[in-house]
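Have a look at the structure below before the remarks.
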Amino acid sequence: MAKIGNIDVGEFPLLLAPMEDVSDPPFRALCKEQGADVVYTEFISSEGLIRDAAKSVMKLDIYEKERPVGIQIFGANLESMLQSVEIVEKSGPDIMDINFGCPVKKVVSKGAGAGILKDIPLMVSLTEAMVKHTNLPITVKTRLGWDADSIKIVEVAERLQDVGASAISIHGRTRVQMYKGEANWAPIAEVKNNPRMHIPIFGNGDVDTPERAVEMRDKYGLDGAMIGRASIGYPWFFKEVKHFFKTGEHLAPPTMEERLDAARRHLQMAIDWKGEKLGVFETRRHYTNYFKGIPHFKDYRQKMVTSDDAADVFAAFDEVEKEFSGYQFV
Ligand SMILES: Cc1cc2nc3c(=O)[nH]c(=O)nc-3n(C[C@H](O)[C@H](O)[C@H](O)COP(=O)(O)O)c2cc1C
């Protein structure tokens, strides 16, 4: 059984990765329904939070039904990070996560995200200060290192544990790799195999089939898998992995009815949460996967992703239902 602080997250938990403009409350709710054991918010700027920037503050919204939920923040300034710990606490998450892995230039150039991999003492001292500043478990999400020549993740993880981190999720790429090449899970296994480590080590990067999740568990011996891209437009991925763990067999893919139900609910929840304009816009990226594999689907998809009007998107779903009801996905 893996535990994050006092929270029991089950045996080999599946965690929904923090993803900007993806891991919002509606999508997290769908992933939770489909078996995600822990869900994380997208990253939230500590500087934005302390300025009370509306966009950052809105990202703190959580639903009861998605617990346990972690709120992820990023920043490199001690004072801002500590102030945002206090702000985050007020929205009542179960876990607080620090983003030490974002490779994007505008984040890294301020020394935040993966930028901190160039200053390990700061990474450790920020973590320590945050742990001391809250009773919530603090988890860390990071990468293997800045570049291939600076992979010190075994030592880094040990130091983070020593200052009180409750779990570490490691993306098996360096900052320099961004999202290129294949994730390398061997250094993550080295972290896990360090006899001094006792907190959960979650693997991340390229878990895109149930077989890969089994490999992460059995070959690499990690404590859980954090899943990002494979879940976009496909929240069923969590359930499929769990079914495969239990039976060694693949679950039948979701039916057209289930896909339409998810797409409709997703859009409705997104509109309820962030209004029609943003809700319609930000749910678009999921449709390709929701309806992947249907032949001659281009025109329908086009209707879903070009209109700013929710009624048009719902009408497109209705058309799909009429046209493809009973379609067998493989
Ligand atoms: C669209 C998108 C947004 C992301 N945003 C975040 C983020 O806000 N915080 C974070 O720690 N990682 C972020 N990531 C990285 C993912 O959490 C994850 O580490 C990465 O996608 C590798 O896992 P995967 O192969 O399962 O997708 C993002 C990734 C994607 C694709």
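Computed over heavy atoms, backbone and side chain alike; hydrogens, waters and symmetry mates excluded. When a ligand or atom number is given, it counts from 1 through the structure's own listing order.
Among Gly228, Ala17, Pro18, the residue whose heavy atom lies closest to atom 14 (N) of ligand 1 is Pro18. Within the set Asn204, Leu15, Asn99, Asp21, the minimum heavy-atom distance to atom 19 (O) of ligand 1 is found for Asn204. Which of Gln72, Lys59, Arg212, Glu20 comes nearest to atom 3 (C) of ligand 1 through a heavy atom is settled by distance: it is Glu20.
Without hydrogens or angle criteria, Thr283 side chain to Val280 main chain gives no donor-acceptor distance under 3.5 Å.
Note on ligand 1: Cys102 sits outside its first shell, no heavy atom being nearer than 4.0 Å. Taking a 4.0 Å cut-off on heavy atoms, Tyr179 registers as neighbouring ligand 1.
Checked by atom type, the side-chain pair Glu258/Thr255 shows a donor-acceptor distance below 3.5 Å.
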Throw together a table of side-chain donor-acceptor distances under 3.5 angstrom for residues 154-166, partners on residues two or more places apart or in other chains.
residue, atom, partner, partner atom, Å
Glu158, OE1, Asn194, ND2, 2.6
Glu158, OE2, Arg196, NH1, 2.5
Gln161, OE1, His198, N, 2.7
Gln161, OE1, Ile199, N, 3.1
Gln161, NE2, Arg196, O, 2.9
Asp162, OD1, Arg196, NH2, 3.0
Asp162, OD2, Arg196, NH1, 3.3

Please tabulate, one pair per line, all N/O donor-acceptor pairs under 3.5 Å involving side-chain atoms of residues 119-126, not counting sequence neighbours.
residue, atom, partner, partner atom, Å
Asp119, OD1, Leu122, N, 3.2
Ser125, OG, Pro121, O, 3.2
Ser125, OG, Leu122, O, 3.2

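Of all the atoms in ligand 1, the ones that sit under 4.0 Å from a non-hydrogen atom of Arg229 are 21 (O), 24 (P), 25 (O), 26 (O), 27 (O), 31 (C).
The single protein non-hydrogen atom nearest to atom 12 (N) of ligand 1 is Lys141 NZ, 3.0 Å, given as residue, atom name and distance. Of all protein heavy atoms, the one closest to atom 8 (O) of ligand 1 is Phe43 N, 3.0 Å. Nearest protein neighbour of atom 1 (C) of ligand 1, counting heavy atoms only, is Arg285 NH1, 3.9 Å.
Residue contacts with ligand 1 for His171 involve side-chain atoms from C-beta outward but no N, CA, C or O (heavy atoms, distance under 4.0 Å). Here Met19 has heavy atoms under 4.0 Å from ligand 1 in both its backbone and its side chain.
Paired with Glu33 under the rule salt bridge (Lys or Arg N to Asp or Glu O under 4.0 Å), one option of Arg28, Lys65, Arg265 passes, and it is Arg265. Checking each of Met226, Lys141, Met19 against Tyr40 for a side-chain contact (heavy atoms from CB on, under 4.5 Å) leaves exactly one that passes, namely Met226.
Distances between N or O atoms of Val22 and those of ligand 1 include no value under 3.5 Å.
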What's the verdict on salt bridge (charged side-chain N to carboxylate O under 4.0 Å, His left out) for Lys110 and Glu47, showing C-alpha distance, side-chain angles and the deciding distance? CA-CA 11 Å; Lys110 296 191 176 112; Glu47 304 296 340; over 6 Å; no
Could you walk me through whether Tyr300 and Phe291 pass the ring-ring contact (aromatic ring centres under 6.0 Å, His included) test, one step at a time? CA-CA 10 Å; Tyr300 298 93; Phe291 301 107; 9.4 Å; no
